[in-house]
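Take a look at the structure below.
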There are 2 protein chains.
Amino acid sequence: MHDRSDRSDLGSAGGALVVAKTCAILREIARAGGGGARLADLSRNTGLSRPSVHRILATLKVEDFVRQSASRRYRLTPQVHEIGLSAPGVAGNLEALRPVIQQLSDVSGDTVYLSMRSGTNAHYLMRGEGSYPIRTYVVKPFQVLPMVSCHSGRALLGSMPRPEADSIIARAWFDDPGQFKAATRDSLREEIEFVRENGYGWARDVTFEGVAGLARAVPNANGPGYLAVTISAVSPRLPLDRARDLLPKLIETTSRIRQIIDNLQI
Amino acid sequence: MHDRSDRSDLGSAGGALVVAKTCAILREIARAGGGGARLADLSRNTGLSRPSVHRILATLKVEDFVRQSASRRYRLTPQVHEIGLSAPGVAGNLEALRPVIQQLSDVSGDTVYLSMRSGTNAHYLMRGEGSYPIRTYVVKPFQVLPMVSCHSGRALLGSMPRPEADSIIARAWFDDPGQFKAATRDSLREEIEFVRENGYGWARDVTFEGVAGLARAVPNANGPGYLAVTISAVSPRLPLDRARDLLPKLIETTSRIRQIIDNLQI
DNA sequence: ATATTTATTCCATATTACGGACTAAATTTG
DNA sequence: CAAATTTAGTCCGTAATATGGAATAAATAT
């Protein structure tokens, strides 16, 4: 007997149930990030039976939407990446975010950055100018920095699956420990753990001596965060106390960005 | 009687036929680009019956993989964009392309650029250095230029659906005709038409007086091109004749890039 | 205003998707 | 390095879901 109790989650589908299940599986693989997802986890997290997930994955493999690594983990393919590029995203609608970033600069008086993950780097897309006379122009718009060596990047690391963040950190340490600045491999891992638990990061002397930053990733239900917002100021202007005071504004900003993205180019 | 003759295209699926159909539909919507796709076209291009496409789209709408505009066209959603960001793509593997770009510089002696579409802009990602002593460093890596005012951008415009390219051109002309440089709205449209038919663009004085460029988009079966390669040199060094001689090398380069992308991070 | 193309809904049919039970492979544990 | 456990993949009879023709409605072109 087929009880099909899993229909409950996907019930609203108008008559193509497998399509809904396929979407759930794709979402779940994306959520797993670059490390890939295991069949058992996909089955658990979607509530679908293992044979069903397996059968759907088999077809997705034929369509090259999914590939399986040597460790049998399932990953999305470059084809999915390209299909995604045809869909509306921030990159093509940056100006829609400008007022939100600038408003955070206005209310805080400090320099605010918007950045986007690109592989193991953070790509700085936009800078809001605050009114406070001592300004930190540490990063220029369109500059690219390793995630391990900037505030936004560390916020992004904290929003991805632990194994993936760890592997990025390990790789960066191997490539060039110098980019960690004051941090060590372990202190950075701890810092990232703090971000993972608290949803924000605060640190000093990351991109530049004497500069502090408060950063938070834009929440993303469908996978690791890929956008982050950083408030930057000279260290005396941004002690932990003030960072905590600013946090609600920062959270509001990231939430507004989330909302704008969801409604892009309807 | 249901003849299901459409099974032929999708036959290799291992037992989840609707999944294969869903993939075909997603691919087809992506191929239509930002303008969206109409139900009838999706039905024609996938070989699936209209009711089937409609039913699958209805579910994709519930899952927010697809939205329908006022003109009833179907478009991918920001959610699909985000899922795509979790899949391997050039952005996260740029260094894999460096040798290919540099090799084209080596063989041509000229400056070679790799760029990526980002909305209505072309984002310059990488520059290969040639040995010819008069160098054109018109663009810096990570610089962003409107597609209408750079060689790569024009190659990209020529690889997207005509209506979409036209609308980008029209919008850019409205925003600031100055960015067209020597071109007019109509001459640019003709230039793009040439690119569409011939697969490459050659022009002078686009980014800078006295500089010529030969550009081509990296072919993309799943939608409009999003990467382009440009060979750039002072005009006397790159007349149309020489551009035609270089074209095979350029084509080879873009094909190799295509191949590298397809095999990213298996 | 009319014709034509396109989008959507309905429905009886049979094809496809279903998950339990089993086997195989890998990973963890003692 | 075995034994135990977790994970992956396969089979199959059943029944639920996907199917496309036909009809209707809506939009677009003429």
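Numbers restart at 1 for each chain; the letters A, B, ... are given by sequence-line order, proteins then strands. Just so it is clear, the values below take in all heavy atoms, side chains as well, and ignore hydrogens, waters and symmetry mates.
The distance from atom CD1 of B:I56 to atom P of C:dA17 is 10 Å, rounded to the nearest whole Å. We find that CZ of A:R55 is positioned 9 Å from C1' of C:dT16, with the value rounded to whole Å. Atom-to-atom, CG of A:L42 to C1' of D:dT7 comes out at 12 Å; the value is rounded to the nearest Å. Rounded to whole Å, atom P of D:dA18 lies 12 Å from atom CG of B:L60.
Judged as a side chain to side chain donor-acceptor pair (under 3.5 Å), and not counting sequence neighbours, the contacts of A:N45 are A:E28. Every residue two or more places apart in sequence or in another chain that forms a side-chain contact (heavy atoms from CB on, under 4.5 Å) with A:R162 is listed here: A:D166, A:E193, A:R196. Listed by chain and residue number, A:N121, A:H123, B:F142 satisfy the side-chain contact (heavy atoms from CB on, under 4.5 Å) test with A:V144 (two or more places apart in sequence, or in another chain). Taking A:V148 as the reference, A:P146, A:L157, A:I169, A:A172, A:Q179, A:F180, A:L188 meet the side-chain contact (heavy atoms from CB on, under 4.5 Å) condition, with sequence neighbours excluded. The side-chain contact (heavy atoms from CB on, under 4.5 Å) test applied to B:R67 returns A:I266, B:D64, B:T77, B:P78, not counting sequence neighbours. Residues passing the ring pair (Phe, Tyr, Trp, His ring centres under 6.0 Å) test with B:Y226: none are found, sequence neighbours excluded.
Among residue pairs with one or both ends in residues 147-158 of chain A, those qualifying as salt bridge (charged side-chain N to carboxylate O under 4.0 Å, His left out) are A:R154-A:E191; sequence neighbours excluded.
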Nucleotide N/O of nucleotides 6-10 of chain C paired with protein N/O under 3.5 Å:
from, atom 1, to, atom 2, distance (Å)
C:dT6, OP1, B:R38, NH2, 3.4
C:dA7, OP1, B:L39, N, 3.3
C:dA7, OP2, B:A40, N, 2.6
C:dA7, O4', B:R72, NH1, 3.2
C:dA7, O3', B:R72, NH1, 3.3
C:dT8, OP1, B:Q68, NE2, 3.1
C:dT8, OP2, B:H54, NE2, 3.3
C:dT8, OP2, B:Y74, OH, 2.8
C:dT8, O5', B:H54, NE2, 3.1

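Rounded to the nearest 0.5 Å, atoms OG (B:S152) and CG (B:L125) are 9.5 Å apart.
Distances shown here put every side-chain N or O of B:S52 at or beyond 4.0 Å from the OP1 or OP2 atom of D:dA18. Regarding contacts with the backbone of D:dA18, every side-chain N or O of B:K21 stays at 4.0 angstrom or more from both OP1 and OP2.
Five base pairs at each end of the helix from C:dA1-D:dT30 to C:dG30-D:dC1 define two local axes, and these are offset by 70° (rounded to 10°).
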